[in-house]
Amino acid sequence: MTVTPGANDPATRIFLDHRELLFSVVYNMLGSVTDTEDVLQEVWLAWSPRTESGAPVQNPRAYLIRIAVNQALARRSALSRRRETYVGQWLPEPLLTTENTATDTSDTVVRAESFSLAVLVVLESLSPLERAVFVLHEVFGYTHPEIADLLGRSPVAVRQLAHRARAHVQARRPRHQPDPAVHARVTERFAAAALGGDMAALLEVLAPDVTLWTDGGGKGPATSLHPVHGNTRVAAIFHAVAENLRPGAVQIRYRHVNGEPSLLVFSGDSPLAVVVVEPDATGQRIREIYSITNPDKLSRVHR
C-alpha cells in the first residue's frame, strides 16, 4: 500500500482489519501479487464507511469485497492483453507463505487462504466470472445468493458459473492432497538429484508423464517456451543445467510457496528461481514441475 493513513482513523481501521481477506480474494482471482497490491490501493481509494446518501455502511466486509472483486474483474482485461505479448509460458507470481503466522517476522505476510500454484494455473483457463465465483465459493465459503449479490448477477447465473468452473477444475486436477511431509521429502529428493546432475536419481523421482513448465518472461532463463513432457526429456534438461553450474554457484532454500513445500534457488542474495513440484498420487514421484525465473516475479523473494 502506498497510502499510509492515520491508525486512529475509523475508516482505516476497518480497511486494515479486512486487508488480508481482500488480498487473498484478489490474488486468487489474478495470480499476481503486484496486481493485487495495485487493486488494494484502488479499493482503499474507493472505500468510505458511508454510502453516497451519508448512511453508515451496514456490512463493511461485504462492501469491501464487492469493491475488490469488481476492481479485480476490471484488472483481468488488462492482464489478458499483457499476456498476449508475454514471452513463453505465463505462470502465477509465487506467494511465499509460512505455516505459522505467529512466527512470521519477514516482510512477506502469510496468506493462508490461497490456492496452490498448480490450481492457479488451471484457474487461468476459466472466464473471469467463473474464476470469481469459484474463488468466492470454494475458498471463502460464500453461498451462491451471496455471490450473486456481490457480482450483481442472478443466483441462477451464479450456480451455472459455479457448476462449469467446478467441473473444469475437477477434470484437470486430481482430488488427492499429498501429505505435506511426503511432499517436502520428494521436493528435497528432486533438488538433490537435479543439482547433483544425477540422471538415474532424476529418472527415479520423476513420473514417466511428468510435465515441466518454465516462466522466464523473456528476462530470466527458461528451458523452453512450451511445456516439456516426459521424464527422459525433463531429466535431460536438469542434467544439462547442473553440468553448466560452477561448484557453489547456487544455494537452495526450502520455503512454502502458495502453502506448499517448495525450493528457492539463489546466487548469493539474488533469487534465480522458485521451483514448485507436484507429487503424483503415491507421493513418491513428481508429475508436474513449475519453474519461475522471471525476475519481475521474484522481486519479493528474499533469502
Side-chain angles (χ1 to χ4, degrees), residues 1-51 56-76 79 92-117 119-120 123 126 128-153 158 161-162 165 169 256-260 300:
M1 293 286 293
T2 58
V3 174
T4 310
N8 294 323
D9 176 44
T12 300
R13 289 199 303 271
I14 293 172
F15 178 81
L16 293 179
D17 285 346
H18 293 86
R19 189 182 189 282
E20 286 304 295
L21 170 64
L22 298 175
F23 182 100
S24 295
V25 171
V26 176
Y27 173 76
N28 282 294
M29 287 180 61
L30 301 181
S32 166
V33 178
T34 302
D35 286 286
T36 296
E37 294 289 357
D38 289 343
V39 167
L40 292 190
Q41 179 71 12
E42 294 166 357
V43 173
W44 163 250
L45 294 174
W47 158 241
S48 169
R50 293 189 174 275
T51 65
V57 172
Q58 296 299 316
N59 189 339
R61 175 188 172 103
Y63 192 83
L64 284 165
I65 287 181
R66 181 182 292 109
I67 297 173
V69 167
N70 283 286
Q71 292 283 5
L73 287 171
R75 177 67 58 126
R76 284 296 312 180
L79 285 174
E93 185 176 350
L95 182 64
L96 268 63
T97 55
T98 66
E99 293 181 296
N100 188 346
T101 58
T103 60
D104 183 25
T105 57
S106 68
D107 58 358
T108 21
V109 181
V110 173
R111 322 293 189 177
E113 294 175 324
S114 62
F115 286 121
S116 69
L117 207 69
V119 172
L120 288 177
L123 296 188
L126 299 178
L129 275 175
E130 286 173 343
R131 183 166 180 169
V133 170
F134 188 84
V135 167
L136 290 169
H137 183 65
E138 300 294 331
V139 182
F140 301 99
Y142 280 88
T143 66
H144 294 151
E146 287 172 331
I147 297 171
D149 183 58
L150 289 171
L151 297 179
R153 299 291 193 279
V158 166
L161 289 165
V169 173
H256 278 71
V257 173
N258 291 73
E260 296 186 322
R300 291 172 173 79

**Fill in**
Distance col, row Ile65:CD1 vs Leu21:CG, nearest 0.5 angstrom, shows 4.0 Å
**Complete:** Tightest non-hydrogen contact, residues Glu130 and Ala165, listed as O-CB, 3.8 Å
**pair Val25-Tyr142: side-chain heavy atoms closer than 4.5 Å** = no
**Request:** Return the minimal non-hydrogen interatomic distance between Ala132 and Val69, and the atom names on each side.
**Result:** CB-CG1, 4.5 Å
**Distance (rounded to the nearest 0.5 Å) between Phe134 CZ and Ile147 CD1** = 11.0 Å
**Asked** Where do Leu150 and Ala62 come nearest, in terms of heavy atoms and distance?
**Response** CD2-O, 3.5 Å
**Asked** Are any of the side-chain heavy atoms of Leu129 and Leu151 separated by less than 4.5 Å?
**Response** yes
**Message:** Which residues pass the salt bridge (Lys or Arg N to Asp or Glu O under 4.0 Å) test with Asp149, not counting sequence neighbours?
**Reply:** Arg66
**Message:** Out of the candidates Tyr63, Trp44, Trp47, only one should pair with Phe15 under the ring pair (Phe, Tyr, Trp, His ring centres under 6.0 Å) rule; please name it.
**Reply:** Trp44
**Request:** Could you tell me whether a side-chain N or O of Thr97 sits under 3.5 Å from a main-chain N or O of Gly259, the two making a donor and an acceptor?
**Result:** yes
**Request:** Using side-chain contact (heavy atoms from CB on, under 4.5 Å) as the criterion, point out the one residue from Val39, Leu120, Asp38 that pairs with Leu30.
**Result:** Val39
**Request:** Drop me the distance from Met29's CE to Leu136's CG, to the nearest 0.5 angstrom.
**Result:** 7.0 Å
**Request:** Could you check Val169 against Phe115 for side chain to side chain contact (heavy atoms under 4.5 Å, CB included), going step by step and ending with a plain yes or no?
**Result:** CA-CA 12 Å; Val169 173; Phe115 286 121; over 6 Å; no
**Message:** If you compare all heavy atoms of Arg131 against all heavy atoms of Gly31, which two are closest, and at what distance to 0.1 Å?
**Reply:** NH2-N, 3.7 Å
**Message:** Tyr27 and side-chain contact (heavy atoms from CB on, under 4.5 Å): which single residue from Leu22, Leu40, Asn258 fits?
**Reply:** Asn258
**Asked** Could you state the interatomic distance from CD1 (Ile14) to CG (Leu64), rounded to the nearest 0.5 Å?
**Response** 8.0 Å
**Request:** Take Leu96 and Val257 through the side chain to side chain contact (heavy atoms under 4.5 Å, CB included) test and state the conclusion after the steps.
**Result:** CA-CA 5 Å; Leu96 268 63; Val257 173; 4.3 Å; yes
**Check: Glu93 side chain, Val33 main-chain N or O, donor-acceptor pair, under 3.5 Å** = yes
**Prompt:** If we ignore angles and hydrogens, is there a donor and acceptor under 3.5 Å between the side chains of Arg300 and Thr34?
**Reply:** yes
**Fill in**
dist Ile67:CD1 -> Ser48:OG (nearest 0.5 Å) comes out at 9.0 Å
**Message:** To the closest 0.5 Å, what do you measure between CG (Leu161) and NE2 (His137)?
**Reply:** 12.5 Å
**Prompt:** Where do Ala68 and Val43 come nearest, in terms of heavy atoms and distance?
**Reply:** CA-CG2, 3.6 Å
